[in-house]
Amino acid sequence: HLKYSLKNLVNRYRPSHALYPSDPRTRATIDRLLQFDLGSLYRSISDYVSPIFFGKAMDGLKEDKLKETLDLFDSMAAKERFLCGERYRPSHALYPSDPRTRATIDRLLQFDLGSLYRSISDYVSPLFFGKAMDGLKEDKLKETLDLFDSMVAKERFLCGDDLSLADISIIAGLSLLEATDYPLSRWMNACKWMDGVKDRLKDFYEEINAKAIENTRQYVEFLRDKRDIKTDIKPDK
């Protein structure tokens, strides 16, 4: 109700704003998304989390419902990922307005979000929670890396000779494997592609990504040492 009241206040006192434009199509889209938030996303979050505040156990069925809603939102976010970019910067060398090139980049970003980065995250995440790595998830990761290796076998970059948003997005995900010292040498085409992207980005990569990789690597080493210490502790007799 608060959200609907807020919308009415905006309509009355600020009929047009960059966050809530008066353009009918844009406003209708925002209204639809607010209804989705109020009626589905936030409700499923609230239904799942609320028992914590009353000292009750979490409900598995409500968690399933939450996961379904998050999956839906994830697909919506992927679809609308460059909504702002299309509006405020309709054409850029990294995301050209040419329909075929843009469609290729969108497809690659979907592949990154739904397959490559997901398999990386699924495999690496347990490390940050002190848990053992999952062999089955590593097998899935290897399969996805095999596919990606074949994708970059013939071209300098993912869309040919020109760097694109897809290259930047994917190398950011692969950086997580570098930070955990995962052996990537088996995928020679992917390694060659990574070197090419790093060389093209040069100082930008060094400033934004290389330092983050080193910081993450140090943190991973800290977690590993901490886990080894706990493993070495013997119970008192």
> Are L177 and L147 connected in the hydrophobic side-chain network, where two residues link if heavy atoms are under 4.5 Å apart?
Replying inline: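 Linked within one cluster.
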
Using the test side-chain contact (heavy atoms from CB on, under 4.5 Å), find all partners of [X] that sit at least two apart in sequence or belong to another chain.
X	result
D146	R186, W187
T216	F128, A179, V220
D134	L136, K137
S40	F36, T69

Quick one, [X] and [Y] - any side-chain contact, counting heavy atoms below 4.5 Å?
X	Y	result
K140	Y123	no
L108	C159	yes
Y205	I171	yes
I52	M58	yes
I170	Y117	no
W193	L158	yes
L145	L174	yes

For [Y], does its backbone N or O pair with a side-chain atom of [X] as donor and acceptor, under 3.5 Å?
X	Y	value
S125	S121	yes
R156	D162	no
T180	L176	yes
D167	S164	yes

>> Would you compute the distance between atom SG of C191 and atom CG of L184 and round it to the nearest 0.5 angstrom?
In response: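 Here the rounded value is 5.5 Å.
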
> If you measure from CG on L163 to CD1 on I168, what distance do you get to the nearest 0.5 Å?
Replying inline: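 L163 atom CG to I168 atom CD1 measures 5.0 Å (nearest 0.5 Å).
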
Partner set under salt bridge (charged side-chain N to carboxylate O under 4.0 Å, His left out) for [X], not counting sequence neighbours:
X	value
E206	none
D199	none
D122	none
E68	none

> Can you list every pair that meets salt bridge (Lys or Arg N to Asp or Glu O under 4.0 Å) and has a residue in residues 168-181, with sequence neighbours left out?
Replying inline: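 For residues 168-181, and leaving out neighbouring residues, the salt bridge (Lys or Arg N to Asp or Glu O under 4.0 Å) pairs sorted by first residue read E178-K198, D181-R217.
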
>> Tell me whether M188 at atom CE has more than 12 heavy atoms from other residues, nucleotides or ligands lying less than 6.0 Å away.
In response: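 At most 12 heavy atoms, drawn from other residues, nucleotides or ligands, come within 6.0 Å of this atom.
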
> Taking all atoms of both residues into account, what is the closest heavy-atom pair of S175 and N209, and its distance?
Replying inline: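 Closest approach of S175 to N209: OG-ND2, 2.6 Å.
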
Contacts of type side chain to side chain donor-acceptor pair (under 3.5 Å), residue [X], not counting sequence neighbours:
X	value
E63	none
S44	none
N189	D149

